[in-house]
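Worksheet: one structure, shown below.
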Amino acid sequence: MTTATAPGATGYEVVIGLEVHAQLNTRSKMFCGCASDYFAAPPNTRVCAVCLGMPGVLPVINRSAVDLTILTGLAFGCSIPPHSKFDRKNYPYPDLMKGYQISQYDEPLCVGGAVPIELDGERREIGLERIHLEEDTARLLHREGGPADGDGYSLLDVNRSGVPLMEIVSAPDMRSPEEAVAYLRELRRTLRYLHVSDADMEKGSFRCDANISLRRPGDPLGSKVEIKNMNSFRAVQRAIESEMRRQAEVLDGGGTVEQETRGYIDATGGTASQRSKEEAHDYRYFPEPDLPPLEIGAERLAEIRARLPELPDARRERFETEYGLAATEAQLLAETRARADAFEAAVAASKPDRAQAVARWLIGDVAALLNQAGDLELGETALTPDHLAELVGLVEDEVITAASAKEVLAAAFESGDAPSAIVEERGLAQLRDDAGLATVVGEVIEANPQAVEDYRGGKDTAIKFLVGQVMRATRGRANPNEAQSALRSALDE
């Protein structure tokens, strides 16, 4: 464990637990048939009597949401109790349509488990307390200046109300802001691997609350403060660091840290008090009378377990052993499931001994094009794994040079045409005519007398310039090694 590292918090140990809410990838909401894809929809158009909280309506459990939550629990090694139930969590917020939220209290779907993280080359596990399922609230959209008196006002968009929301509660195992961010990154990566959530912090489908307390090493846990309103990894780190400094100042001044909920303010990087922190009894939990308890039988659990994909760490290790990739290459390729799938599809379409070449192209030039296009995955573009395998084959078989391959890749990425067709259409096949290469070499020597003089005067680096001129004259079709050999032969005569 590491002690607090934020400036102004020296000598204290920070204890951090995170509560992460992830919206699930289901077609409909948690307890009704409304579409759960609300983000781009006009306000209040994805609603019905159930998610509006109208009297007399009855909720119906979304089976897919339950399965996705259990799938997540299995991925993190949670225990799945055979019996679970939903509860009413009562609190009077304006974005809570019924005046209560259907959640889970004492019998969640998943218990225990852990999330593996790696920080500064060291691997450890962050324990989980539980993963439970609930419904999301509506959204309050705050506006400056009121229609009449200019005091500001809020609008209510009910589209989000009732969207399936999975809450992942960690144990208080983190001891630095950096560990907290590493935990969140691994959590998000795994949720995306499982396809249970898009886990997009900017859209609000992956939200984090941090519980933070300071203590002297060896002392009992101090009062915890909950921080809300963090919508990026950077915001989480800044908020924790700010709260560490604030609590250290209170303790150093002889004061007592009050248990409360504070909001993160992105403009300042600080936090502001919102309300006193509620305890479980404040929510007056009781079993949801309109929903039956859930019985998770062995057969259903086995069906869900069979859907588990190979997880990121296991896939990274396999890439190293099966394909001989370096650790950094395997890590980059296994970062997302889509990228790992694209790599293996391209390897399958190529020759067995070309996996490393496929990896280099995928994490190099292909990754650069994907980033330029808006951080896309390969499946979102016109370039296919088969195209990549064909391109690698053209280079490895010396049909085209690496320089020409970059041009072919860019064209295939844009058009979706096969690399071999692009090579033929543009005349990019490698220059194999010795006489033709000799002609170009002679022209380059004649056009660059200063470089020739430098080379013959003992400046060997001049040959690199001349090779570049040959490559330029042949539009990258000449083999660089053959061009250099032809240049040296001509110059040394």
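Since the model is a prediction, treat every value here as computed from it, not as a measurement.
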Rounded distance [0.5 Å steps], CZ in Phe413 versus OG1 in Thr381: 4.5 Å

Is a donor from one side chain sitting under 3.5 angstrom from an acceptor on the other, for Ser161 and Glu135? no

Between Asn231 (side chain only) and Met201 (backbone N and O only), is there a donor and an acceptor less than 3.5 Å apart? no

Evaluation steps, salt bridge (charged side-chain N to carboxylate O under 4.0 Å, His left out), between Asp209 and Arg262: CA-CA 10 Å; Asp209 299 334; Arg262 300 178 68 87; over 6 Å; no

For Val158, does its backbone N or O pair with a side-chain atom of Asn44 as donor and acceptor, under 3.5 Å? yes

Between the main-chain N or O of Ala418 and the side-chain N or O of Asp386, is there a donor-acceptor pair closer than 3.5 Å? no

Take a 6.0 Å sphere around CG of Asp120 and say whether it holds more than 12 heavy atoms from other residues, nucleotides or ligands. no

With rounding to the nearest 0.5 Å, note down the distance linking CG in Leu119 to CZ in Arg185. 11.0 Å

Donor-acceptor under 3.5 Å (Asp397 side chain, Val399 main chain): no

Give, for atom CZ of Phe39 and atom CG of Asn159, the distance between the pair rounded to the nearest 0.5 Å. 11.5 Å

With a 4.5 Å heavy-atom cut-off, do Gln484 and Ile463 have their side chains touching? yes

Leu487/Ile445 under side-chain contact (heavy atoms from CB on, under 4.5 Å): CA gap, chis, key distance, verdict: CA-CA 8 Å; Leu487 280 165; Ile445 290 174; 4.0 Å; yes

Restricting to non-hydrogen atoms, name the atom on Thr45 and the atom on Ala41 that form the minimum distance, rounded to 0.1 Å. OG1-CB, 3.7 Å

When you check the gap from the basic side-chain N to the acidic O, do Arg315 and Glu317 get nearer than 4.0 Å? no

Among Lys29, Arg207, Arg46, exactly one meets salt bridge (charged side-chain N to carboxylate O under 4.0 Å, His left out) together with Asp136. Which residue is that? Arg207

Go through it in stages, so that I can follow the logic: the residues are Glu186 and Glu118, the test is side-chain contact (heavy atoms from CB on, under 4.5 Å), and I'd like the CA-CA distance, side-chain angles, deciding distance and then a yes or no. CA-CA 9 Å; Glu186 182 60 29; Glu118 182 171 341; over 6 Å; no

Residue pair Cys208 / Leu18: nearest heavy atoms and the distance that separates them: SG-CD2, 3.9 Å

Ion pair check, Arg360 and Asp365, cut-off under 4.0 Å: no

Would you name the heavy atoms of Tyr193 and Ala334 that are closest together and state the gap between them? OH-O, 2.7 Å

Spatial distance of atom CG (Leu391) from atom CH2 (Trp361) [nearest 0.5 Å]: 5.0 Å

Of all heavy-atom pairs between Leu383 and Leu409, which one has the smallest distance, and what is that distance? CD2-CD1, 3.7 Å

Nearest heavy-atom contact between Gly416 and His387 is O-CE1, 3.0 Å

Report yes if some heavy atom in the side chain of Thr336 is under 4.5 Å from a heavy atom in the side chain of Glu377; otherwise report no. yes

Does either side chain, that of Gln469 or that of Asn448, offer a donor lying less than 3.5 Å from an acceptor on the other one? no

Using the rule given for salt bridge (charged side-chain N to carboxylate O under 4.0 Å, His left out), can you reason through Asp200 versus Arg192, listing the C-alpha separation, both sets of side-chain angles and the distance that settles it, and then say yes or no? CA-CA 10 Å; Asp200 191 327; Arg192 289 178 170 178; 5.3 Å; no

Using a strict threshold of under 4.0 Å (side-chain N to carboxylate O), is an ion pair present between Arg300 and Glu303? no

Just how far is it from atom CG of Asn229 to atom CD1 of Ile265, taken to the nearest 0.5 Å? 9.0 Å

Is there a side-chain contact between Ile117 and Glu125, using heavy atoms and a 4.5 Å cut-off? no

For Asn25 and Ser197, does a side-chain donor sit closer than 3.5 Å to a side-chain acceptor? no

Note: Arg339-Glu344 ion pair, threshold 4.0 Å (strictly below): no

When you compare the side chains of Thr69 and Thr72, does any donor N or O come within less than 3.5 Å of an acceptor on the partner? no

Stepwise salt bridge (charged side-chain N to carboxylate O under 4.0 Å, His left out) test for Arg316 and Glu320: CA-CA 7 Å; Arg316 173 183 54 78; Glu320 292 181 43; 3.3 Å; yes

Using modelled atom types and a 3.5 Å cut-off, is there a donor and acceptor pairing between side-chain atoms of Ser350 and backbone atoms of Ala346? no

Between Leu325 and Ala355 the two heavy atoms that sit nearest each other are CD2-O, 4.3 Å

Using modelled atom types only, decide if a donor and an acceptor are shared between the side chain of Asp375 and the backbone of Asn371 within a distance under 3.5 Å. no

Are Leu128 and Cys78 side-chain neighbours, meaning at least one heavy-atom pair lies under 4.5 Å? yes

Do we see a donor-acceptor contact under 3.5 Å between the side chains of Thr137 and Arg160? yes

Heavy-atom distance under 4.5 Å between the side chains of Met30 and Glu134, does that happen here? no

Rounded to the nearest 0.5 Å, what separates atom OG in Ser205 from atom CZ in Arg188? 10.0 Å

Are Tyr264 and Arg238 close enough that a side-chain donor and a side-chain acceptor fall under 3.5 Å? yes

Min side-chain heavy-atom separation Leu165-Val163 under 4.5 Å: no

Do Arg305 and Leu71 come within less than 4.5 Å of each other through their side chains, counting heavy atoms only? no

Any side-chain heavy-atom pair from Leu24 and Leu133 closer than 4.5 angstrom? yes

Lys/Arg N to Asp/Glu carboxylate O, Arg124 vs Glu179, below 4.0 Å: yes

